[in-house]
Amino acid sequence: MSTAPMSTPTVLVVDFGAQYAQLIARRVREAHVYSEIVPHDLTAEEIRDRKPAAIIFSGGPASVNVEGAPIIDPGVYDLGVPIMGICYGAQLIAKQHGGEVSRFEAGEYGRTDLTVNRSDVFLDGQSAQQSVWMSHFDAISKPPTGCEVLASTANTPVAAFAGPGLCGVQYHPEVSHTPEGQAVLENFLYRMADIEPTWTMGNVIDQQIEIIQEQVGSGRAICGLSGGVDSAVAAALVHRAIGAQLTCVFVDTGLMRKDEGEQVVEVFRRNQHIELIHVRAADEFFTALEGVTEPEAKRKAIGEKFIRIFEKAQGGIEDARFLVQGTLYPDVIESGSKHAAKIKSHHNVGGLPEDMEFELVEPLRALFKDEVRTLGSELGLPDEIVWRQPFPGPGLGVRIIGEVTPEKVAILQEADAIVREEIGKAGLEREVWQAFAVLPDIRSVGVMGDERTYGYPAIIRAVTSEDAMTADWARLPYDLLETMSSRIINEVDGINRVAYDITSKPPGTIEWE
Ligand code: XMP
């Protein structure tokens, strides 16, 4: 299923199992050309029906000479659409076009010296000697019929080739270790495929506004705001399209970070002028959490309470037929399967009930997270929202070990605010994936002034990560840790000790529960 905005020239990135397919798609978009990732087992007709302006074959882990290696329907070469191959993709073009791929004595991995022998349009403007990133054991020994060899390395005689409507590189132009790689992609897009670089966030806003207006008509839509960036940007975009037909619901669970509830309400009601139902439900959540200590039981109690409260709030706008969601492109990539993600008529994202019958409005379906952040800024959302760290649905409830009480939440909010403030002052907000404080269910003895203290420790958790699937503990400077520690102990009543969590994921998780 295509997420392409209508009439936008689209580049299809055919995925041959590379971890690089997403990166290629992003580099194309950085060249202001819209791109989508598709699986390699689409037929030529299915590819033609998507009307691509150009096609890029990704790399992949297989050898084209092994039986069962992923291939592409050869009919794709007859569509008259320019094709570029990268690594495995380049080898596949050679193999399917009268060329040859062989196993050489040595593969090439990492930084490799490349010599450009002929520039042609494809390598026009490229340095004759340059460093490129390689990762292959097979190499092309004979270029595809009708193509000329443009570049080589010590172990790869055909490191780049081009011919009418076809080109390929053995190296990876999409990675930052190939400094001139983006220019190669741009030569392909702008000059070989004749695509104009018109895809910008400004255009995305205009196109999405049209799409949303057409979908929603004069109907009413609701959007559950979590305080996170995705729902915030989706709401701001939909609001720009349908104005007062959108109502947002923000359930303040009492488990948000310090001042977060007020900030969300302030931004949406006063800055964005979006109609907002602000449900203050802290008491109800604390009652539901009384005596609950087991992590899963806590999550369940919070999730259930959330559903009931959202349902009640929605009662006030029961004619709403559309539900706005901040679903992102990585959630919908069809990679590896022909079967596109089906649009559900119900959903369970954000703890919403599965049996609510809504038509979904998902204006961010085609975008990566960093694009959503750019879009959010263009829509006038402040940095505090756009650059907010990921925050779990159950909020501070999973960062307080043992029973959650209002007193413990107040302590944790203060300690957490200091951690985040100091990360901000150190300019590390965008380097660190998440940085926060955890309040364990133990106390220890200390001494402050001449007084014996018996208080909670605060545990600082700061991690670096690409996607939260794996994470490493952040090597924060000692001075920064020192400042956090002394501020927390001096400023937060009830805390007399600070520890730093040096566990990566795996084996730990980012959150403590
Ligand atoms: P873990 O703790 O599993 O967390 O390493 C991975 C990422 O997911 C976030 N997280 C959640 N997000 N609802 C959410 O919306 C949740 O229940 C939840 N639990 C964890 C976490 O903050 C981290 O970014």
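Every number for a ligand or one of its atoms is a count from 1 in the order of the listing.
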Any protein N/O atoms within less than 3.5 Å of an N/O atom in ligand 1? List the atom names and distances, or say none.
{"residue": "ligand 1", "atom": "2 (O)", "partner": "I510", "partner atom": "N", "Å": "3.4"}
{"residue": "ligand 1", "atom": "2 (O)", "partner": "E511", "partner atom": "N", "Å": "2.8"}
{"residue": "ligand 1", "atom": "5 (O)", "partner": "K505", "partner atom": "NZ", "Å": "2.7"}
{"residue": "ligand 1", "atom": "5 (O)", "partner": "I510", "partner atom": "N", "Å": "2.7"}
{"residue": "ligand 1", "atom": "13 (N)", "partner": "G393", "partner atom": "N", "Å": "3.0"}
{"residue": "ligand 1", "atom": "15 (O)", "partner": "G393", "partner atom": "N", "Å": "3.3"}
{"residue": "ligand 1", "atom": "17 (O)", "partner": "R299", "partner atom": "NH1", "Å": "2.5"}
{"residue": "ligand 1", "atom": "19 (N)", "partner": "R299", "partner atom": "NH2", "Å": "3.2"}
{"residue": "ligand 1", "atom": "22 (O)", "partner": "Q434", "partner atom": "NE2", "Å": "2.8"}
{"residue": "ligand 1", "atom": "22 (O)", "partner": "E511", "partner atom": "OE2", "Å": "2.5"}
{"residue": "ligand 1", "atom": "24 (O)", "partner": "Q434", "partner atom": "OE1", "Å": "2.8"}
{"residue": "ligand 1", "atom": "24 (O)", "partner": "Q434", "partner atom": "NE2", "Å": "3.4"}

Inset, instruction - Determine the minimum heavy-atom distance between A458 and A415, stating which atoms define it. - result: CB-CB, 4.4 Å
Legend entry - side-chain hydrogen bond (donor to acceptor under 3.5 Å, both in side chains) evaluation trace for E362 with T327: CA-CA 6 Å; E362 298 180 305; T327 312; 2.5 Å; yes
Inset, instruction - Using the ring of F250 (Phe, Tyr or Trp, six-membered ring only), decide whether R269 places NZ or CZ under 6.0 Å from its centre and within 45 degrees of its axis. - result: no
Legend entry - For I222, the option from V361, I277, L323 that meets side chain to side chain contact (heavy atoms under 4.5 Å, CB included): L323
Legend entry - Test applied, side chain to side chain contact (heavy atoms under 4.5 Å, CB included); reference residue, I242; option that passes from I212, V324, I209: I212
Legend entry - Point-to-point distance, once rounded to the nearest 0.5 Å, from CG of D252 to CD of E262: 7.0 Å
